[in-house]
Amino acid sequence: MNRCHTLISRKNDGFDMVLIISCFSDMPGVSGTNESDNSGDSKDAKSSSSVSVTKGNVKVREYDPRQDLRALGQWICSNQDPPKYFENVDYIQSIGVFNQLFKPTFNEVESECMEEYERMKVETKKVLRNFDGQISLSVDVLTDNNDFGQCSNNLGQHYSDYLCISAHFIDEKWKLRKWVLYFCTLSVSGQSDDLLKKCEDRGIFRSLEDWGIENKIFTLTMGNDKFCNEVAEYVKRYIQVQKELRRNSQLFRVYCCGDLFREMVQDAFDKIEDIVHKVRRVYTFTTDYPMWFLKMANLQEALKLWSIGKLSSKDVIDSHDVPSPEEWNKVEGVCKAVESIHEVSGALFEPEIRVTANVYLYHLHELREMLTRMSIGSEGFNRSIVEGMLGKVDEYWDHMFLLLAISAALDPRFKMRYIEFVCSKVEGRDGNSQVPAVLEAIRKQFDEYVIRFPEKRNCASYSHSEGQSDPPVCANHTFTVLQDYQQFIQSNHHPAKISELDIYLDQPVLPWSQDFNPLAWWRSAAAKYPTLSRMARDFLAIPVSLSTCGEAYYTLSRPADEHMICLKPDLMNALMCARSWAYRR
């Protein structure tokens, strides 16, 4: 319902009563007292309504904007509107839920957003501290990639890099959550601060202590470069002090799959950079946006035109500046290899629902098989391109196989059967020894969960009665050895037990379904597998890639939100965090 301001005047025992009522439509993050209009529909009536009772002359109490201001703070912290829009009072009024007298300054709006952030943070801290599972951490380094170089905030400071720390977990309703815990500037123009020291002092460690979750950190996902490796080692040592990682230490460091794809594609494009420059002399790219799939699409379109003789060098003065047939063949070879990466990327990064860790091994296996076939059918330059990609896939495979295999085994469509299958197919990766190693790691992980979360029923008992009978009766004899032996057997007899893990692995795998939802399946199976479902919840929440959706296709570093990074640092952090928590509103 649009805002309305109604003046009602009536006599009441000799007094003039004046009611000024402001009506509001539903607004996310805003609560109010329900009132009914003549049609019976329920509306929100805010405290901007005021009542003044006088005798004789009518007197109206002055409008109080405080609850409108709080409602606006909740709106900004819960919605994705660019914060700068709220510097404009007309934009605030265009929302259609505030009193027409409400005209806050941006400083007032900023202060209210900070107060709302602190209120939300108290609630969020309670959720994380009471969470009975483990939390996977991601630390992403984002960059200001706007056309003007470095972004300048309201204080006139120039920043280029930003650190985003997020918590990933599956909540009690089996919903996958990603909550930003801290967002800050990482480097300042003109300063020579050591990035690693700055990251250590201002970001990760202090944030974990502030949130009180340092003993719940399960894994850490970061980029694949040297800087990220060094930071990951710092964090790992810190977590080891707070929490005994034990066997989890080899699973702690998660390398970003999106970065792997970007590096593979960028290396291939770098090798034909001079040829691409020539292509652009005869074909105009439709866009220069820094996304590798767009560059691939432009080159593929140019190849189509060249193959039918549409592209000509007649308008080019120097024919050496246009691609030769051999160079066009190189472009075609690179595009075919990149197309295979794009196909797998689409399955991982384009679904509306973010995929969980259980499917990454399968998709990497698919990519490896496609590149292997392509390598066999290629030669010369094109074969070297594909082999370079395969080398990067194999390196990533070696780092991540154990974690991805455990996660895949917790998919009831895969279990250990897929691990056996993939190890038999991937030649030269010591597959025969990997299967028992994965199974042993799964059992050790499960045993730790059994200790941490003892259940009344975490195993089933089986009593095998085959071959058992009463001891023979020895008539007319006084031998008692057999009777003593039977008593010994009974006193030491314990029914064979089989764990939830064994029951799960022994069950047949589910038929393949593209629409299968592992979180829904484990939620329904939690009663049958109470301990194993806890383990699945933690593993499925691991972010195997920092990149999601369009971010996975950037050729440059992942960009920071341009609407956020030009705010004051405290407000930037507050809104980045609060908006990621706002689902609870």
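For the pair K236 and F252, the cation does not sit on the ring face, since its NZ or CZ is not both under 6.0 Å from the ring centre and inside 45° of the axis. K216 forms no cation-pi arrangement with F131, by the criterion of a distance under 6.0 Å to the ring centre and an angle within 45° of the ring axis. R237 forms a cation-pi arrangement with Y234, by the criterion of a distance under 6.0 Å to the ring centre and an angle within 45° of the ring axis.
Under the side chain to side chain contact (heavy atoms under 4.5 Å, CB included) criterion, T372 pairs with R368, I376, L390, not counting sequence neighbours. Residues passing the side chain to side chain contact (heavy atoms under 4.5 Å, CB included) test with E343 are M370, sequence neighbours excluded. Partners of R354 by salt bridge (Lys or Arg N to Asp or Glu O under 4.0 Å), not counting sequence neighbours: none found. For D506, there are no salt bridge (Lys or Arg N to Asp or Glu O under 4.0 Å) partners at least two apart in sequence or on another chain. Under the rule for a side chain to side chain contact (heavy atoms under 4.5 Å, CB included), the partners of S407 that lie at least two apart in sequence or sit in another chain are A357, L403, F539.
The shortest distance between side-chain heavy atoms of L402 and V438 falls below 4.5 Å.
When ring centroids are compared, W512 and F414 come within the 6.0 Å threshold. Within the 6.0 Å centre-distance limit, the rings of W522 and Y504 are counted as a close aromatic pair.
Remark: of the listed residues W179, F218, W174, W179 is the sole one forming a ring-ring contact (aromatic ring centres under 6.0 Å, His included) with F169.
A salt bridge (Lys or Arg N to Asp or Glu O under 4.0 Å) check over residues 406-417, counting only residues at least two apart or in different chains, returns the pairs D411-R413, R417-E420.
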